[in-house]
Structures are given as structure tokens and as C-alpha cells.
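Proteins come first, then strands; the chains are lettered A, B, ... in the order of their sequence lines, and each starts at number 1.
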There are 2 protein chains.
Amino acid sequence: MALTPLDRNSPMPLWAQLEADLRTRLEANEFAESFPTDLELTEAYKVSRHTVREAVRHLNKTGVLKRERGRGTVVNRAEFEQSLGTLYSLFQSVESAGVEQTSEILRLEVTTDRLAAAQLGIPEEAQLVLVERLRLAGGVPLAVDRAWLPHEFASTLLDVDWSHTALYAELAKAGAPVPNQGWERLTPIVPSSADRAMLGLQKSDAAFFLERLGCRDQRPIEWRTTIIRGDRYRFVTDWSAGTRSELRPTAD
Amino acid sequence: MALTPLDRNSPMPLWAQLEADLRTRLEANEFAESFPTDLELTEAYKVSRHTVREAVRHLNKTGVLKRERGRGTVVNRAEFEQSLGTLYSLFQSVESAGVEQTSEILRLEVTTDRLAAAQLGIPEEAQLVLVERLRLAGGVPLAVDRAWLPHEFASTLLDVDWSHTALYAELAKAGAPVPNQGWERLTPIVPSSADRAMLGLQKSDAAFFLERLGCRDQRPIEWRTTIIRGDRYRFVTDWSAGTRSELRPTAD
DNA sequence: TTTCTCCGTTTGTCCGTACAATTGGACGAT
DNA sequence: ATCGTCCAATTGTACGGACAAACGGAGAAA
């Protein structure tokens, strides 16, 4: 992917234009092998090292890059993927603990769903692909995951081997759009007896209920609900005055 | 409070020393009236404007300052207080919605508690002050809050008018240490029938259970549990690829 | 083959300068 | 009293330069 020359007549600062271009190239996985050095970027974009460092500093506000003097800059893939929201942070925290994640298909079908359609902003009679899975960590139930996606571009999901757990990878493989932004909402619930049975929960156990809307180019393309065991997974934070703290999912 | 001169022989970068000094002064509320300009800081600490801007940039990583060209720098108190963890973020989100927060004392007594003592790292027979309150937002129950603090320095809490909601302000007023860091843990629970009654919850309702340890100078001085209605308050996040996202509490 | 040294590369730190964009207050005009 | 103009103050943007700290690879020595 060719770089975008900077526009010195633009009211947008040079560092901001440079950051946007680098971000686009980063999301296109162009820096998997190596990230350009400060010198390479000054030469490629014809700006000073100060401007390059300012752009990279902003790009790196989320810790997506690892920079070290003498060594250079590499892309922190784990951090990049963690930026796909709470659900993927949870999956990643399980993976970081070295626990194998698998899933069992509960339902894989074309259906309609009034609530999902409403969230996706499409007619309620529109056909949706429902992927309902029981997710396990180390063979133990972790969550019941239900994803509804418009049939018009998610139909290829019907032909997938779902013992893997990567919905987005399957979408990408099929050339379908993959969500890259959205919102999530976390609520405590008492699961239904059917969900309790699947998760191996007692009658007195509560669980987390995560609702998630995934969009591409501002367009909703994924509505998802996930019931997460609250006895094995919870959210923790270290807080400190003057320092931003954030809840992160962790296994008990 | 006098500023701390920078040590140019220290391996610690100048900007890092300057940041630490500014942070200390910020926590001592020294910049309530005004935050020094870049020029004032270069003159006071005898460093370049570049070093000053680097220090302020780091200090401001949490958004605790608001900087604008032409206007100057002011302290963002709301952001600073929000950095006291999820519980205070919740309280603040209610306040930002313009809803009055009050509290009713349920229990205010000297007691012992094995779990609290364990979390505080003191003998289980040690005397603790228990402040148990029902917290309301706009007259509607929001949470049941229980705080245990060692009696040796929290005894003044026994003489307080608790219709206000500011535990830390009361501690500060009494000259007692106030927590400035710690950890929190969020779990979903089915509340007891007593707690359900106080919160106005149905039998089928789950709630959030927040456990929190507050420390000062690395020493635990507050153990706290809070049951938060899950039907009225939840955690939401906006996520975006390549950008850090965080769950924040919000009223429904 | 292994270890050590040297050196080039890379980012971090620090300095200085210049100018632009924005803000707010002072002051004059109405 | 109100409005408009001007200007100083303040932060943001951009450049250039210099040197330090850390790293890794090449090549020599053992």
C-alpha cells in the first residue's frame, strides 16, 4: 500500500495526517514484518523527526507499538487485538493464561430476530445468520455466545467448521466485512435454566450479560450477546489517584 | 509547597523528575487556583520548554489537565477524582447526569470482621469501624455500600452526619489518611433477600458486586463492598480497532 | 565454535528557535 | 453600557541540532 503524501495546505496538522496514514497502513497489516524507523519516516513523508515522533506518539497512545532505543519499533499485535473491546479482552486474558479455547456449535441457522434486527437497523423480517456457541476454556464452559449477522454477506458462515473460535477470521477469509468498531454493554443477570445448564451453573449463581454491536464503516453488521460465567471470570482494576484505571476481564 | 529542584546528575530523566514533582503538588491541591504556564515552569525548574512540555504531556496522560492554546492550563478535577476507581466513576456518572445523591446510614458501629481484617492485613479480632449505607440517586436506591476501616484512625467517622456521601472528605477533614490507590473486583451476584429488599429488587434480578481495597502509602486502610443495582446501572464501552477502550459505569 | 569487542543503527532526551492559532483583557468609539 | 479592535499571553506546530543509552550484528580473537 503506497503512503499518502502529506498536504501542507491542509488545516489538519502534519503530524495528524501522518498518524492517520500510519494507522490505516497498520490496520492493513502492512507493518507485520517491521515498522519504519524514525529516519525512514522523515525521508518517506518529508517531514522533520519531531513531526514523525509526534505522529508516532499519538498512534501509540494505546500501546499498540513497542519502541526501544537501539532496538527500534515493533507492532504489539496482542495490544492491537485487545482493542476490539471487552469480549476480545476476555478471550485474550484466557489465552494469555495458557488455557486452550474451543467452542461447540449449539445453533447455526438462518433465522429472523426482532431485537437483533432492531440493533442492526434493518427490517425485522430480514434474514439473519445466527451462530450460537458454547465457548469453553480448558474444556470448562466459559460463555454462551450468540451472534446475529445479516444473511446477505454472512451466509458463508453456514459452511464453517466452528471448532475454531475466530468469527472475525472466518469473515475475513470469506471476504466479508469485519467489524472494527462498536459498543458494548455489561449487565448482571440471572441466567435462564437452559443457559445455566449449559454453563454448569447453580440456581443461585449470577452471570455477566454482554451485549455488543459491531460495525464496519459506521454500518452495524454484527449483533452479539454473550453470557459469561461470573463465578470464574470477573473484572478487576488497579486504581491510583491521578492515573486512569480500567476494568479488565480476568479468570478467577 | 516549595518545588523540588531537578537533579541533573540523576539517571532519572529531567522530564520524569519534573512530572513527579508536578504530580505531588497536584495531589496536594496546589494548582486549584491556576496551573503554571509553560514559561513559568521553564523559569521555575530551569529547563527548556521542550522538557516542560514532555513532563506535562506525561502528567496529562489521564486527561487530568485541560490545555488550550491562548487559554492556558487548568486542572480537570472531575477527571482527577474519576481516577479513584470504578466506584467513584459510578458516583460521578450519576452526578454528571444531574441526579442528587444522598445516603442513609444502615449501620455505623465498631465491630470485627474476619474477611475485612484479612483484606486489611490485620488480626481478625482487630476493631473496625463499619459504615454501612444505602446510597440513593434521585431518591431511588442505587447501591448498598459497606466500608470497614481500622478503628485506630477511623474512629472519628462515628461522629459524622452521614447524609452526605463523601467518606474520603470526612477522613481528610479528620486528618486521617485517605486511600489513594488500590484494586477493585467486579462480580455478578444474586443479592440476599435483605439486600434485595433495600435496593427494591425482584427475586429474578441480579446485581453487580464490587469489592475494593483502598491503600495509602501501600498500606491497606479501607475494605469495601458495594452491591450495585444492575437494572439501573451498567458498564458500557465504545470500542474501535487500534484504540484502547474501557468499560465505564453509566446509569440506564 | 564460542566469546569478546567495536561500531553503526535506532530511539530517547534535551536544547533552541520561529511562527501560528486561539483566547481574553484593555481600551477606544459609539 | 455596549461593541469593536488591538495586542499580549498562552499553547500548539514545526523545524533543526546534538548527544546519550541501548541494542544487535559483524568480525576478530581465543
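Partners of T156(A) according to the side-chain hydrogen bond (donor to acceptor under 3.5 Å, both in side chains) rule, which considers only residues two or more places apart in sequence or in another chain, do not exist here. Not counting sequence neighbours, the partners of R212(A) by the salt bridge (charged side-chain N to carboxylate O under 4.0 Å, His left out) test are E184(A), E222(A). A search for side-chain contact (heavy atoms from CB on, under 4.5 Å) contacts involving R69(B) returns nothing, not counting sequence neighbours. Applying the salt bridge (charged side-chain N to carboxylate O under 4.0 Å, His left out) rule to K173(B) yields the partners E170(B); only residues at least two apart in sequence or on another chain are considered. The side-chain contact (heavy atoms from CB on, under 4.5 Å) search around P177(A) returns F153(A), R216(A), I221(A), not counting sequence neighbours. Remark: N60(B) engages V64(B), L65(B), R67(B) in a side-chain contact (heavy atoms from CB on, under 4.5 Å) (not counting sequence neighbours).
Contacts classified as ring-ring contact (aromatic ring centres under 6.0 Å, His included) and involving residues 2-41 of chain A (residues at least two apart or in different chains) are given here: W15(A)-H58(A), F31(A)-F35(A).
When DNA chain D is scanned in the 5' to 3' direction for atoms under 4.0 Å from non-hydrogen atoms of chain B, the outermost contacting nucleotides are dA9(D) to dT13(D).
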Under 4.0 Å protein heavy-atom contact, by nucleotide of nucleotides 10-19 of chain C - B base, S sugar-phosphate only | BBBBBBS-B-

